[in-house]
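Residue numbers run from 1 in the order of the sequence given. Both ligands and their constituent atoms are indexed starting at 1 by order of listing. It should be emphasised that the depicted structure is a prediction, and the values quoted were computed from it without experimental measurement.
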Amino acid sequence: MSSTIAIIGTGLAGLSAADCLTAAGQAVQLFDKSHGSGGRLASKRSDAGSLDLGAQYFTARDRRFLEAVQRWQARGWVAEWTPNLYNYSAGQLSYSPDEQTRWVGTPRMSSITRALVGALPVNFGCRISEVFRGQQHWQLQDTEGQVYGPFSQVIIATPAPQATALLAAAPKLAGAAASVAMEPTWAVALGFDEALDTPIEGCFVQDSPLSWLARNRSKPGRDGKLDTWVLHASSSWSKEHLDLPKEQVIEQLHGAFAELIGCAVPAPAFSLAHRWLYARPAQAHQWGVLADADLGLYACGDWCLSGRVEGAWLSGQEAARRLLEHLQ
Ligand code: FAD
Ligand code: NAD
């Protein structure tokens, strides 16, 4: 019987599990529907340089995660980002500095998962549609009908709505995943030929279609000639405008940005929009991982914990820990 463990999803949760399992001498095989790793911790290469369209930065409050981040820092995968932080509320923009350490991947967010993938075996561009069990082992099928396996265990490290169908062999776990609502976020990137005349590098936003904006170029190691900005719409605006054409999303969020930023905002030389359908769980959970250790089926991801980068990493560690515990 094969002892290879299948991991579906090469976001931080899947790669955190892979890292822990390979360190313990286990063989893994990874799958991702995308053509690269990172999931929501991804960057887009564009004419305006690389842009962090998903996670903007992360904090490390758990000691284990902080230790991992410090190892990544020593290898040059991450650096601290110390933006000039502002807050926008009730029509007022105010300087809002704090003592929080914030981390970003260098030279782009996706550097972290690219480094974690390293030489691990991955099937990219492979959307798994079914996870099924024979007498002794697991097999996976993709949307093209191709079957992979046998595998001793399977870790599903996708957002909850995508995990539900893959958990059909364990109805209790599927039910728990199905109970997790995930909210969308529209992201827009703008690039300006001339730097905008503002000291703002990051801003938390209330009472606007936007919830966050960042000067992408202010992060360490970012390239590109343009003054690039990433804008995130709030969950409620994103839900209300889920099917709006991208050009209109750009127009409306550019308008909201120009209204609050407090300086002249010309037409951008570059713009793009990206819709994250499953951006964040509506609520945090304390599950850590969903596991049926006797069956050999596990589900992990940010939605099992805090809905943040740290939660994704911790959940992947928890999946690996539970699996290794069962092997002993
Ligand atoms: P994901 O990153 O979603 O990875 C899941 C992977 O599974 C993906 O690569 C996907 O392609 C793959 N996949 C899905 N279905 C299948 C399938 N059927 N077959 C094969 N592969 C599949 N967190 C912070 O801490 N700070 C922030 O500032 C922050 N900002 C954010 C802003 C936005 C717009 C978004 C969207 C998220 C943000 N987050 C932030 C949240 C953070 O990005 C996530 O918590 C974290 O990256 C989730 O990691 P994950 O591995 O659990 O899931
Ligand atoms: P954090 O401590 O920097 O922020 C947590 C929250 O505290 C912020 O959302 C903000 O409301 C508030 N805050 C923090 N510092 C502030 C300051 N100086 N001035 C004013 N308000 C401040 O980071 P975290 O706890 O690691 O959270 C990560 C961030 O990721 C959050 O902002 C969260 O909203 C964001 N996120 C976004 C999505 C999405 O889909 N858009 C998904 C997951 C997480």
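- Using a 4.0 Å cut-off between a side-chain N of Lys or Arg and a carboxylate O of Asp or Glu, Glu67 and Arg71 do not qualify as a salt bridge.
- For Ser218 and Trp81, the side-chain atoms include at least one donor-acceptor pair closer than 3.5 Å.
- Residues Arg215 and Thr198 bring no donor and acceptor atom of their side chains to less than 3.5 Å of each other.
- Under the rule for a salt bridge (Lys or Arg N to Asp or Glu O under 4.0 Å), Asp19 has no partner lying at least two apart in sequence or in another chain.
- A salt bridge links Glu318 to Arg321: at least one charged side-chain nitrogen sits closer than 4.0 Å to a carboxylate oxygen.
- Residues forming a salt bridge (Lys or Arg N to Asp or Glu O under 4.0 Å) with Asp52 (at least two apart in sequence, or on another chain): Lys219, Arg222.
- Using bins of under 30°, 30° to 60° and over 60° for the plane-to-plane angle, the ring pair Phe192/Phe257 lands in the parallel bin.
- Using a heavy-atom distance under 4.0 Å as the criterion, the protein contacts of ligand 1 are Ile8, Gly9, Gly11, Leu12, Ala13, Asp32, Lys33, Ser34, Gly38, Gly39, Arg40, Leu41, Leu53, Gly54, Ala55, Gln56, Tyr57, Phe58, Cys126, Arg127, Ile128, Ala157, Thr158, Pro159, Gln162, Thr185, His232, Trp276, Ala279, Gly301, Asp302, Gly307, Arg308, Val309, Ala312.
- Inspection of the Thr10 and Asp32 side chains reveals an N or O donor paired with an N or O acceptor under 3.5 Å.
- Tyr86 has its side chain within reach of Pro199: a pair of non-hydrogen atoms, C-beta onward, lies under 4.5 Å apart.
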Atom pairs, nitrogen or oxygen, ligand 2 to protein, under 3.5 angstrom:
| from | atom 1 | to | atom 2 | distance (Å) |
| --- | --- | --- | --- | --- |
| ligand 2 | 2 (O) | Arg61 | NH2 | 2.7 |
| ligand 2 | 3 (O) | Tyr57 | OH | 2.6 |
| ligand 2 | 3 (O) | Arg102 | NE | 3.1 |
| ligand 2 | 3 (O) | Arg102 | NH2 | 2.9 |
| ligand 2 | 15 (N) | Asp98 | OD2 | 3.1 |
| ligand 2 | 15 (N) | Arg102 | NH2 | 3.1 |
| ligand 2 | 18 (N) | Ser96 | O | 2.7 |
| ligand 2 | 18 (N) | Asp98 | OD2 | 2.9 |
| ligand 2 | 19 (N) | Ser96 | OG | 2.6 |
| ligand 2 | 23 (O) | Tyr57 | OH | 3.3 |
| ligand 2 | 25 (O) | Arg61 | NH1 | 3.0 |
| ligand 2 | 25 (O) | Arg61 | NH2 | 3.3 |
| ligand 2 | 26 (O) | Thr59 | OG1 | 2.6 |
| ligand 2 | 26 (O) | Arg308 | NH1 | 2.9 |
| ligand 2 | 34 (O) | Arg280 | NH1 | 3.4 |
| ligand 2 | 40 (O) | Thr185 | OG1 | 2.8 |
| ligand 2 | 41 (N) | Thr185 | OG1 | 3.4 |
| ligand 2 | 41 (N) | Arg280 | NH2 | 3.4 |

